Protein chains: 4
Amino acid sequence: MAGFEERDRREDLLIAAQQVFGRYGYHDATVRAITETAGCAAGTFYLYFASKEDCFLALVERLYERIMAAVVEARRGAAHASDKLYRSLWAVVDTLAADPELARVVMVRAAGAGSWLEERLWRLHDTFAEFIAQDLEESGLDPVEARTGARAWFGALNELVGVWARRPPEAGATPTLEEEVGRIQRLFWRGWGLPWPETPVHSPRPAGSA
Amino acid sequence: MAGFEERDRREDLLIAAQQVFGRYGYHDATVRAITETAGCAAGTFYLYFASKEDCFLALVERLYERIMAAVVEARRGAAHASDKLYRSLWAVVDTLAADPELARVVMVRAAGAGSWLEERLWRLHDTFAEFIAQDLEESGLDPVEARTGARAWFGALNELVGVWARRPPEAGATPTLEEEVGRIQRLFWRGWGLPWPETPVHSPRPAGSA
Amino acid sequence: MAGFEERDRREDLLIAAQQVFGRYGYHDATVRAITETAGCAAGTFYLYFASKEDCFLALVERLYERIMAAVVEARRGAAHASDKLYRSLWAVVDTLAADPELARVVMVRAAGAGSWLEERLWRLHDTFAEFIAQDLEESGLDPVEARTGARAWFGALNELVGVWARRPPEAGATPTLEEEVGRIQRLFWRGWGLPWPETPVHSPRPAGSA
Amino acid sequence: MAGFEERDRREDLLIAAQQVFGRYGYHDATVRAITETAGCAAGTFYLYFASKEDCFLALVERLYERIMAAVVEARRGAAHASDKLYRSLWAVVDTLAADPELARVVMVRAAGAGSWLEERLWRLHDTFAEFIAQDLEESGLDPVEARTGARAWFGALNELVGVWARRPPEAGATPTLEEEVGRIQRLFWRGWGLPWPETPVHSPRPAGSA
DNA sequence: CATGAATGAGACTTCATTCAT
DNA sequence: AATGAATGAAGTCTCATTCAT
């Protein structure tokens, strides 16, 4: 039976990278700090990643995959378009909140990561914003309005996550992020003129998913 | 008559720094690139700035001063609280739009600039957000709601500026920023439940302020 | 069998540093010159020393340790106080003579090494002078006289080493240093009014050091 | 009437250089610090000195000239060789004590001043030591003994000046230097086997000659 | 004579990446 | 698969010196 004591080195490194990027930002994070955190030698890093950039990218993509998976999962059984939207947005927030360090990495610490990497980050933002935009469109908004609205929501979330992630990472999850997001959800719903969902069942993530 | 061909070196350097920081981000910008852009020797940089960090900070503070000045100016003759708010927000947008490169620097490229500098940037964000929050409070919002709302607006703007600033800086001012902002202004106004100003006289910046 | 061709890099660098500091003095010695002399890349230096200062300090401390060890060794079996003193002073001289380059570094080329490093050097001088002073006191000199006398001896030695070390380091050990020192030993002994040791057995250093 | 308010710029600069070299040592002293202390522009320095080295050299030579002049003056009316010697040595000490900063520059802070300059400093030492040596020879010492003895005396003095000059320059002249020197004078006199002068009239310098 | 802005060589140091073991 | 010593390019900053005014 494999899988026991069969720690995946790549996984160890990604976890370490998350911590280090989260704490120091892309540029100030050193490969050495990552390998030390992971408990392996410097050279080992390059058995699993082509470069520091590559590692960062893997981290970012993993986050987006998680978000997307959570969103898809959340949309099941949604009654109508605006309900799908509502659940989607909460799925995003919950995923970020479940992994503060990762959120910190992608949302706050990514800028200044160098030309093509940054480009790639923006494209991920775009993809996601477009996703939201379509929901908004289906909910009855004008296409242009929908796209701007999606970006606005994304930006607002970004800022809140930034504020929330600013405290030292040891502080653990901050309980108010969800309240804060609750407020902007209502704000945007009114702004978009959407009907507030009767059953705001928004199930927070199960504990222990870092 | 002096004053002609009397280029201010510090100014030249700040302009160059704006371009270079804007294009490469804080970390990837090199002092050499700045001095080359400014057309002077490497050492000259240090006659005007104590360090790379110092130069960046000067740039940031210049932007914030401009914004604050524009806001103060815009608020004169506002009829009531929500009108002050409305004008303030437009003043911010106009200032940013007048200087796309600078906006790009501060809004998009600042992260990863190193601990205390980043801290300082956040404090500037805080100051400004608090400013908006007070207007919202005066307009009748709950204090907590006002603070979250201010941050949300700031974040939404940030994202829009980011998208808009993403194209190469040579492209010049993008005409749609103001339209985009117009949309989110309406969105937030509805979200906040504020009355839409009858005379949305929003005077775009005077020409020639790059 | 390992251990052959198993050059210690740190040792190589210290040897190179000794040469370079000795030839150019602390300030004019460059890290690059040291690594080139040691035959390695510039970055390698920082695997073994935190800084240029740190490397210099290591060199200085190594010399002082050697001197102290030699002194302690030499004092064994000394009949009385002035005999201990006599042997101690010769131990110092022999250690310096065994490693002309190192002596040159510490005695002649140390000044101008920067505030706290210089302070540290002086403290080492102090420690050693105090050591001599106590022997002098035990030999019957007045405490004040003993301290001044110790410093005088140290300074006299310093000058002689300086003169002797002034020729290019390739010249190798200069045979006259010990004769010169013999002269000032007699001079000081008479000056201090101490009895000249009957058995001036002063065993020069064993061969093969440095 | 010339001479009034007709400050000599070169003199101002030398005075400033004395302070700056004395405080920071040759390498850490900057030309800018010197000109700022002298109250003139950076470029002015080069109207009076070919280089930083040249300025330092001028300072050193000035000190040696002073010493030599004082020595020559002191020797007048000396009864016999050992008396000439006695007076000469005190003349040296008095000159150094009259100008602590200058002494500090030449004695303690000169090392690491760069190849040829250092060579030059040593030659000055040599000249002076030879001068003493001849007196010793005339006093009856063996030529070799005389030369070593001269150097030893010089070195001892050097160390004492170093210790004495180590405190911050603001502390002013330290009263004990002359006492200290008195002690080593007696020490060397006994060591050399010379008769102690009956009239140890050693007139300290007149006050106010910095 | 005097100025002081400008220069540019060169110093120290960091760190992503490689490669022999 | 893993190591970690070694590399070397590149970055920030200092400062003696020059020269147009």
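Reminder, nothing fancy here: chain letters follow the sequence lines and each chain counts from 1. Computed from a predicted structure; not experimentally measured. Reckoned from all heavy atoms, side chains included, excluding hydrogens, waters and symmetry mates.
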Can you identify which nucleotide, out of [options], has its nearest atom closest to the [X] side chain?
X	options	result
C40(D)	dC15(E), dT3(E), dT17(E)	dT3(E)
T30(D)	dT17(F), dT17(E), dC15(F)	dC15(F)
K52(C)	dA2(E), dC12(E), dT17(E)	dC12(E)
A42(D)	dC12(E), dA5(E), dT18(E)	dA5(E)

Backbone N/O of C40(C) and side chain of T44(C): donor-acceptor pair under 3.5 Å: no
Expected output: side-chain D8(C) to main-chain R10(C) donor-acceptor under 3.5 Å: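 Yes.
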Nearest whole Å is fine: how far is [N] [atom2] from [X] [atom1]?
X	N	atom1	atom2	result
F45(B)	dG8(E)	CZ	C1'	16 Å
R32(A)	dT17(E)	CZ	C1'	10 Å
H27(D)	dG10(E)	NE2	C1'	13 Å
E36(B)	dA6(E)	CD	P	17 Å
I34(A)	dT17(E)	CD1	C1'	13 Å
L47(D)	dT3(E)	CG	P	9 Å
L13(D)	dA16(F)	CG	C1'	15 Å
F49(A)	dT18(E)	CZ	P	15 Å

Using a cut-off of less than 4.0 Å, is there contact between a side-chain N or O of [X] and OP1 or OP2 of [N]?
X	N	value
R9(D)	dA2(E)	yes
T44(D)	dT3(E)	yes
Y46(C)	dT13(E)	yes
Y48(D)	dA2(E)	yes

Closest contact, heavy atoms only, T35(A) versus A41(A):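 That closest heavy-atom pairing would be CG2-O, 3.6 Å.
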Atom of Y24(A), atom of A29(A) and distance for their closest heavy-atom approach: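 Scanning both residues, the minimum pair turns out to be CB-N, 3.9 Å.
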5'-to-3' dot-bracket of DNA chain F (Watson-Crick, G-U; under 3.5 angstrom; crossing pairs as [ ]; | other strand): .||||||||||||||||||||
R66(B) and E61(B) ion-paired at < 4.0 Å: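 Salt bridge flag = no for E61(B) with R66(B).
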Sugar-phosphate only, base, or nothing, as touched by A29(D) at under 4.0 Å among non-hydrogen atoms: sugar-phosphate
Mutual orientation of the aromatic rings belonging to H27(A) and H27(B) [parallel < 30°, tilted 30-60°, perpendicular > 60°]: parallel
Quiz item: cation-pi between K52(C) and F45(C), 6.0 Å / 45°: no
